[in-house]
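Step one of this worksheet: look at the structure below.
Reckoned from all heavy atoms, side chains included, excluding hydrogens, waters and symmetry mates. Residue numbers begin at 1 in each chain, while the letters A, B, ... track the order of the sequences. Since this is a predicted model, take the numbers as computed values, not measurements.
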Amino acid sequence: MTRDSLFTASTPHTRDVVPVLVPMPADRAYSYVVPDELAVEPGSVVQVPLGPRKVAGVVWHGESDAVDAKKLRAVEHVFDCPPLDAAMRRFIDWVAAYTLSPPGLVARMALRAPAAFDPEAMVEGLRLGDTRPERLTDARGRVLETAGDGMAWTRSGLAHAAGVSAGVVDGLVRLGVLEPLLVPPRPVVPPPEPGYAEPSLSPAQAEAAETLVEKVREDAFSVSLIDGVTGSGKTEVYFEAVAAALREGRQVLILLPEIALTEQFMDRFHVRFGTRPAQWHSEAAPKTREKVWRQAATGAVRVVAGARSALFLPFRELGLVIVDEEHDPAYKQEDRVFYHARDMAIVRASITGFPVVLASATPSIESRVNADRGRYTRLRLPARFGEAALPDLSTIDMRRHPPARGGFLSPVLIEETKATLARGEQALYFLNRRGYAPLTLCRVCGHRFECPNCSAWLVEHRFRGRIECHHCGYGQPTPEACPECGTLDHLVACGPGVERIAEETDKLFPDARIIVLSSDMMGGTKRLQRELAAIADGEVDIVIGTQLVAKGHNFPMMTLVGIVDADLGLSNGDPRAAERTYQLLGQVTGRAGRTGRASRGLLQTYQPTHPVMQAIVSGDAESFYEREIAERERAGLPPFGRLASIIVSAEDRADAEDHARGLRRAAPADAAMTVLGPAEAPLALVRGRYRFRLLVQGPRTADMQGFLRATIAAGPKMRRTVRVQIDVDPQSFL
DNA sequence: GTGTGGTGAAAA
DNA sequence: TTTCACCACACG
């Protein structure tokens, strides 16, 4: 085949010039010459010179940019890996256009595996030859029997499988009984078996699973939303869709919000499919990442479980994406290319034409709206499955049952905890606030400790002896004297954090074994895994945790969940406050009673009649969603209107502010669009850069993109340190 | 996104 | 005078 026939004939190009997307923020592909000895086609992964360096890029489609012949440089190398197919390239174009990001940066996300583009080296393997040993010992017999399947084995693999030492195998190699040969490297994980352990499903589960299996067999674009309380068996249901896709010869991607904390998920997958899925996340070792990338591209890996970035893996035969906990805000990427993985998963599926399954006990409002409008199929799992019974949930009216002076736990919760511990069961106290106290003030002059960078209070961390800003990471040792009036020892901590609740709990239950689980806990993921295992083994009586405990860990003895401050987060001005609180409280109370024991959830609140409390306690999600949706419709908020932000960031606070103001002035007059900020938008410090958001609200995404482009084009000339990015996303409101 | 080379100011 | 930090610029 000639080069010309490889490169689409419909693309008129003078000689051998092709467009290549390079990993930098240019608004289009760069042109490169293809030397005679190389053959490329759209999608080829190539090495090209870019200024003084060499970078990996993708040969793109469409016309190559006309450029001065003197500037043209040559493609240096075509990597020996499958080219990105047309669907993947359309996906990249689509994401770039939608998020208003440079296509090269989107392509870069698909090429994030430094040395994976050339094939993995072959490894030494062994195969049974024709000669047989003269002396046939027991051990040798076992090796011959094991290797008798005619397959190629690795040296250690064969020794292990035959139950002999590697020396026996080596001896047989020397005798020529086993012949060395080169074999392709082992896949990162063995292929999952769809029929490994078929589950027994409840009628509701079976019905939902059947629907999903049909969608997979249809092999066409569709979105299904599995909506069922924690413990109703959503995972088992979508595992059947996974099995169906595997039987159809398709690859499967399972997106999880926080892959680092998902040991239990991996185990469940193993139980169902006989092997773990390949894992993809940013903390994975580079070697593993490369293998997974490569093997997703070649089709050697059939199931990948990954964080949001896994959506940009170049799967060869992707036929199903599962988005577990679809409501989780961790699906949103908020730097470089701003995107929501759930939404982009749906886009990828619609381009290629395969089904997506969203799963959540507390779906996002926009998914519920899409389901109500018939765009998604809604599959409801109304009850808990098997032994698991729903916890008995009620509010504690804090006006009627106030805590003791200086405390934060009501007598009702304390009594219930006593009873729980007396039964030898575990209690969980949930408070979504790290540290000891959210505010420190001076009793003499009233001075409040505020962050010098942000509009936030400094949170005391007594254990570390520091006060810190949870917004930008600013911190200082806890002072002894008031910086305003100089008075010593008159600083008071106001309000509770988990450390303070732990202190109170320790006084109330001096004999109980108490543990605090907080995302800022030192020791990282490893320590956390250990702590979680200890809790599951019953080595702890009371767990005090931040939102980290909302993620899907199952503790068999956990029969009481106390929400210390259920009102927290309801009044911060975010139009998503109610939705977020409902989701969080729903997830946390769902931790109770997952293995059959009677369990309780108690919500300490000053507003027991608030719709969120009512919805949680009554289990009536329907009317909560209806109400929430109606409310948004009235306010013209997503998912009915669109919301975007123009994000301006700079190392210097004043630069960011100036530029944001300039952009605000430059916004074209448009009755349908509202631009807020920067005065109204809080300042944030993200990775050492000051960030402002100009909120833009409008009726339709397409209009909004034009508006955003026009605003930026008319805006002030950008300085080197200033960066402007766009966040077009119905999911995020700050 | 990143390396280069130009500019001016601090150090030798 | 030499060195260094900063920043605009180009990169095909």
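- In this entry the distance linking NZ of A:K70 with P of C:dA10 reads 16 Å, nearest Å.
- One can place CG of A:D27 at 16 Å from P of C:dG12, the figure rounded to the nearest angstrom.
- What separates OH of A:Y32 from P of C:dG12 is a distance of 6 Å, to the nearest Å.
- Between A:E579 and A:S364, the side chains place no donor N or O within less than 3.5 Å of an acceptor N or O (distance only, hydrogens not considered).
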Report all interatomic pairs (protein N or O, nucleotide N or O of nucleotides 1-8 of chain B) with separations under 3.5 Å.
| unit_1 | atom_1 | unit_2 | atom_2 | d |
| --- | --- | --- | --- | --- |
| B:dG1 | N2 | A:R53 | NH2 | 2.8 |
| B:dG1 | N3 | A:R53 | NH2 | 3.3 |
| B:dG3 | O6 | A:R720 | NH2 | 3.2 |

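- Rounded to a whole Å, the CG atom of A:D68 is 14 Å from the P atom of C:dA10.
- The NZ-C1' distance, from A:K717 to C:dC9, rounds to 9 Å in whole Å.
- Here the side chains of A:V304 and A:L313 are in contact, with some heavy-atom distance below 4.5 Å.
- Between the C1' atom of C:dG12 and the CD atom of A:Q47 lies a distance of 15 Å, rounded to the nearest Å.
- Listed by chain and number, the residues in a salt bridge (Lys or Arg N to Asp or Glu O under 4.0 Å) with A:E76 are A:K54 (sequence neighbours excluded).
- Between A:R294 and A:E290, none of the side-chain N atoms (NZ, or NE/NH1/NH2) sits under 4.0 Å from a carboxylate O, so this pair counts as no salt bridge.
- Residue-level contact check: A:A29 touches the bases, meaning some heavy atom is under 4.0 Å from a base atom.
- A distance-only check finds a donor-acceptor pair linking the side chain of A:Q251 to the backbone of A:R316 [under 3.5 Å].
- Judged as a salt bridge (Lys or Arg N to Asp or Glu O under 4.0 Å), and not counting sequence neighbours, the contacts of A:R302 are A:E317.
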